[in-house]
There are 2 protein chains.
Amino acid sequence: MDARERLITSTQALLWERGYVGTSPKAIQQRAGVGQGSMYHHFSGKSELALAAIHRCADQIRAYTEQRLSAPGTAFARIEAFLLQERQVLQGCQLGRLTADPEIVANPDLHRPVDATFVWLRQRLAEVLDEGVANGEFAVGLDVNDIAATIAGVVQGGYVLAKAAGSDEPYYSAIRGILALLAPPTRQ
Amino acid sequence: MDARERLITSTQALLWERGYVGTSPKAIQQRAGVGQGSMYHHFSGKSELALAAIHRCADQIRAYTEQRLSAPGTAFARIEAFLLQERQVLQGCQLGRLTADPEIVANPDLHRPVDATFVWLRQRLAEVLDEGVANGEFAVGLDVNDIAATIAGVVQGGYVLAKAAGSDEPYYSAIRGILALLAPPTRQ
DNA sequence: GTCTATAATACGATAGAC
DNA sequence: GTCTATCGTATTATAGAC
């Protein structure tokens, strides 16, 4: 892996652990095993590095999520697969974490890909829920956009509860709760 | 208000906006209108200041939440009041925000009150849900601890979605979703 | 209690040699 | 492409006068 690639990977990891404000160029270099001169040759500075790392995270999250949501099976099963997919719960969400960062929110270039990813996620969840309504899996009166936001919210909030507790148990508890509320009548 | 009090209030606001890593003693002093010498007279440093501010936030959140959850009315109505209470959605949760901060998570003194507050919240929500199950408002099979985690999670996750979108709409959408799923059969 | 001075370290970047 | 040197500023205090 070349220096540029190692710098992106290293920035991804540090943004995840410490956020934008908490991540220094020096830490990025050390983790990547790359010198200062090399870093400033490949990237103009911290914000350009962060932009590359955020796009990388967004691409990975979309690909991984799309696999679950477009798999064969009922709408409920696909949403369940999304909610129960392997996650590093105590690390939280790579992109969700950045919404707490004032310098990310204030910088449109950095903010935009975060926004776009959550818009996309809610949209895809709503489409799957729509199929479920058409199937008869879910009640017809359901507002699929609201339920999609609820599902995306439970995941993000589950991370917060888990980090607060220092345990992944509250995350899985929250997921079991939303699955119980969503479960089609035939499963109850 | 004396200097000590202004320093706590100022730290609360900055932790909320910028987190622990992003908040400097100098910024706290300036916002409080208090000099350096005064600050270090009242507090040993940044972490002691943060501890006082976190306890203050936790007390306020508990008091405000308890008002909604112990009000007269059905279990559903009280949970609805909790979810729809006035919030500064785009600012997020004062305590939830801190779970993203590596130095808070790493410092047991700072982490503990955050943990305790979310444990308390889930416990109180579960108690209210229990009353609702006893009432016949909610189905008997419901695991109230799981649903409590789901409800607390939707609030925290709703903040994340709202900050990502730069709008409070996704928050309210997620809340409408969980309320629709929770609504007693007589309301559907 | 509050002030100003001082200090060691870290931050985020630039310059120029190789 | 990568290295080392340098720079101006910010951080997080400590010291001692008032």
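So that the names make sense, note that chain A is the first sequence line, chain B the second, and so on, each numbered from 1. The structure presented is a predicted model; accordingly, all values stated were derived computationally and were not measured.
A:Thr23 comes within 4.0 angstrom of the backbone, heavy atoms only, and of no base.
One can place OH of B:Tyr20 at 14 Å from P of D:dT11, the figure rounded to the nearest angstrom. Rounded to whole Å, the distance from CG on A:Leu49 to P on C:dG12 is 11 Å. Protein atom OH of B:Tyr40 is 18 Å distant from nucleotide atom P of C:dT6, rounded to whole Å. Remark: C1' of C:dT2 and CG of B:Asp2 are 14 Å apart, rounded to the nearest angstrom. Rounded to a whole Å, the CZ atom of B:Phe43 is 18 Å from the C1' atom of D:dT14. For the pair A:Arg6 CZ and D:dG1 P, the interatomic distance rounds to 14 Å; values are reported in whole Å. The interatomic distance linking B:Gln30 (CD) with D:dT12 (C1') rounds to 14 Å, in whole Å.
Residue B:Lys26 places none of its side-chain N or O atoms closer than 4.0 Å to OP1 or OP2 of D:dT11. Between B:His41 and the phosphate of C:dC3, there is no side-chain N or O to OP1/OP2 separation shorter than 4.0 Å.
The nearest heavy atom of DNA chain D to A:Gln36 and to A:His42 marks one nucleotide each, and the one closer to the 5' end goes with A:His42.
In this structure, A:Arg68 is positioned above the aromatic face of A:Tyr64, its NZ or CZ under 6.0 Å from the six-membered ring centre and within 45° of the axis. Taking the ring centre of B:Tyr20 as origin, the terminal cationic atom of A:Arg18 falls outside the region bounded by 6.0 Å and 45° from the ring axis.
No side-chain donor-acceptor contact under 3.5 Å links A:Tyr159 and A:Arg97.
With sequence neighbours left out, B:Glu103 forms a side chain to side chain donor-acceptor pair (under 3.5 Å) with no residue at all.
Out of D:dT11, C:dC3, D:dT14, the shortest distance to the side chain of B:Ser24 is found at D:dT11.
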